[in-house]
Amino acid sequence: MKNQGNGGGKQAAGIRAAGMVEDGSAIGLGTGSTVLYAMEEISRRISEGMRVTGVPTSHQAAIRARAMGIPLATLDDFPVLDLAIDGADQVDPSLRLIKGRGAALTREKCVADAARRLVIVADEAKMVSCLDAVVPVEVIPFAVTPVSCAITALGGTPVVREGMKKDGPVITDNGNFIIDCAFGRIPEPARLESMIEALPGVLSCGIFSGYAGKTVVIVGGTGGCRILSP
Ligand code: 5RP
């Protein structure tokens, strides 16, 4: 099954990230179209003899990795990962991220936290001077209304994400809802992240502000890739 993502920079970034995977390592496999390019290249390297085990962050990642012949495990097997490869919706100059368009943010954050190095694959369209994308928040269904009220009190506009080919709310791989929260510009991502994640019923939010020190961002473009590191 070939990746149906929109190629170009994403493919270049994915292939470069796959080149950072070392023989014998345990790696996190993020979710989204850009990571799938990395997985295709990892699969190719496995066919040449590289040994690697992947911990998938979603059903999408698990299904695609299995189809590509990438051996899979869980965080119970590898609570510490050598490296994780993941995509992002926005990246700021301090390498803080917004993630979660694919509703996989909670497992992506668990895997990012477990990884010694976080390799983010993106194209130029994701690079911004200040984070301002909608912030996905994964919340248990029981708490969706009080959390929405609290988000409004924090200055955000919450919208429960609806399914595309399913009536009603999107149900995450963990059985929860996603509230997409528009805040406009986010000048203090760490502060907003901790305030949202302190709300009872919230599992995680899509702001990833705490991993910049171990993050490498590979930005793919038509002329190749540029690498951003702290
Ligand atoms: C999924 C994510 C994705 O990594 C992010 O949305 C980027 O996706 P893509 O590579 O398809 O643009 O956070 O929850």
Side-chain angles (χ1 to χ4, degrees), residues 1-18 27-42 54-65 81 83-92 95-115 118-128 131-139 161-164 169-182 186 189 193 196-197 202-211 215-221 225 228:
M1 197 181 345
K2 281 305 236 184
N3 187 8
Q4 298 300 306
N6 60 348
K10 290 186 174 191
Q11 183 171 25
I15 290 172
R16 177 70 79 91
I27 63 169
L29 299 172
T31 297
S33 58
T34 320
V35 175
L36 290 176
Y37 287 114
M39 284 168 48
E40 285 176 357
E41 178 64 6
I42 290 166
V55 173
T57 54
S58 63
H59 290 317
Q60 182 211 41
I63 290 165
R64 298 297 281 269
L81 298 165
L83 175 149
I85 302 175
D86 206 345
D89 303 315
Q90 282 192 334
V91 181
D92 81 1
L95 308 189
R96 297 170 297 193
L97 318 170
I98 291 181
K99 290 182 48 52
R101 176 205 49 78
L105 58 152
T106 299
R107 294 190 194 192
E108 290 173 334
K109 197 170 271 192
C110 293
V111 162
D113 202 75
L118 177 61
V119 178
I120 295 295
V121 285
D123 59 13
E124 291 289 352
K126 308 286 184 66
M127 309 309 294
V128 296
L131 299 177
D132 64 1
V134 159
V135 178
V137 176
E138 181 167 5
V139 57
R161 192 180 295 182
E162 296 276 321
M164 294 288 282
V170 164
I171 307 296
T172 70
D173 291 358
N174 309 307
N176 298 305
F177 290 1
I178 295 288
I179 309 176
D180 286 317
C181 304
I186 304 173
E193 180 182 10
I196 295 172
E197 293 191 348
V202 168
L203 276 88
S204 69
C205 81
I207 300 173
F208 285 46
S209 70
Y211 305 118
T215 296
V216 173
V217 179
I218 304 177
V219 190
C225 296
L228 308 177

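Order of listing sets the numbers, starting from 1, for every ligand and every atom in it. The figures here come from the full heavy-atom set of this structure, side chains too, leaving out hydrogens, waters and symmetry mates. Everything numeric here is computed off the predicted structure, so don't read it as measured data.
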Would you sort out whether Val170 and Phe177 count as a side chain to side chain contact (heavy atoms under 4.5 Å, CB included), showing the intermediate values?
CA-CA 6 Å; Val170 164; Phe177 290 1; over 6 Å; no
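- In terms of heavy-atom proximity, Leu29 sits nearest to Gly54 at CD1-CA, 3.8 Å.
- Screening Asp86, Thr31, Asp173 for a side-chain hydrogen bond (donor to acceptor under 3.5 Å, both in side chains) with Thr57, the sole residue that qualifies is Thr31.
- The two residues Val111 and Gly28 have their closest heavy-atom pair at CG1-CA, 3.6 Å.
- Listed by number with element, the atoms of ligand 1 under 4.0 Å from a non-hydrogen atom of Asp86 are 4 (O).
- Under a 4.0 Å criterion applied to the non-hydrogen atoms of Ala104, ligand 1 contributes the atoms 14 (O).
- Of all atoms in ligand 1, listed by their number and element, those nearer than 4.0 Å to a heavy atom of Lys10 are 9 (P), 11 (O), 12 (O).
- By the 4.0 Å heavy-atom criterion, Ala103 is counted among the residues contacting ligand 1.
- Each of Val119, Leu81, Ile42, Val55 was compared with Ile27 under the side chain to side chain contact (heavy atoms under 4.5 Å, CB included) criterion, and only Ile42 meets it.
- Between the CG atom of Asp89 and the CD1 atom of Ile98 there is a distance of 7.5 Å, given to the nearest 0.5 Å.
- Relative to atom 7 (C) of ligand 1, the option among Ala13, Ala88, Pro136 with the closest non-hydrogen atom is Ala88.
- Looking at atom 5 (C) of ligand 1, its nearest protein heavy atom turns out to be Asp89 OD1, 3.1 Å.
- Protein heavy atom at the shortest distance from atom 11 (O) of ligand 1 is Ser33 OG, 2.6 Å.
- Listed by number with element, the atoms of ligand 1 under 4.0 Å from a non-hydrogen atom of Gly87 are 4 (O).
- Given atom 8 (O) of ligand 1, the protein heavy atom at minimum distance is Arg101 NH2, 3.1 Å.
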Would you please test Thr106 and Asn176 for side chain to side chain contact (heavy atoms under 4.5 Å, CB included) and show each step?
CA-CA 11 Å; Thr106 299; Asn176 298 305; over 6 Å; no
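- The protein atom (non-hydrogen) at minimum distance from atom 10 (O) of ligand 1 is Thr34 OG1, 2.5 Å.
- Checked by distance only, ligand 1 and Gly100 come closer than 3.5 Å through their nitrogen or oxygen atoms.
- Protein heavy atom at the shortest distance from atom 12 (O) of ligand 1 is Lys126 NZ, 2.8 Å.
- Listed by number with element, the atoms of ligand 1 under 4.0 angstrom from any heavy atom of Lys99 are 2 (C), 3 (C), 4 (O), 13 (O).
- Within ligand 1, the atoms closer than 4.0 Å to a non-hydrogen atom of Gly102 are 1 (C), 14 (O), numbered from 1 in the order shown.
- Which parts of ligand 1 touch Glu108 is read off a 4.0 Å heavy-atom cut-off, strictly below it: atoms 1 (C), 2 (C), 4 (O), 13 (O), 14 (O).
- Judged purely by atom type and a 3.5 angstrom limit, Lys10 has no side-chain atom pairing as donor or acceptor with the backbone of Gly220.
- Between Val134 and Ala182, the closest heavy-atom pair is CG2-CB, 4.1 Å.
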So Ile178 and Leu105, side chain to side chain contact (heavy atoms under 4.5 Å, CB included) or not? Walk me through it.
CA-CA 10 Å; Ile178 295 288; Leu105 58 152; 3.6 Å; yes
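- Not one N or O of Gly32 is nearer than 3.5 Å to an N or O of ligand 1, by distance alone.
- The existence of a salt bridge linking Glu138 and Lys109 is excluded, since no basic side-chain nitrogen approaches an acidic carboxylate oxygen closer than 4.0 Å.
- In this structure, atom 3 (C) of ligand 1 lies nearest to the protein heavy atom Thr31 O, 3.2 Å.
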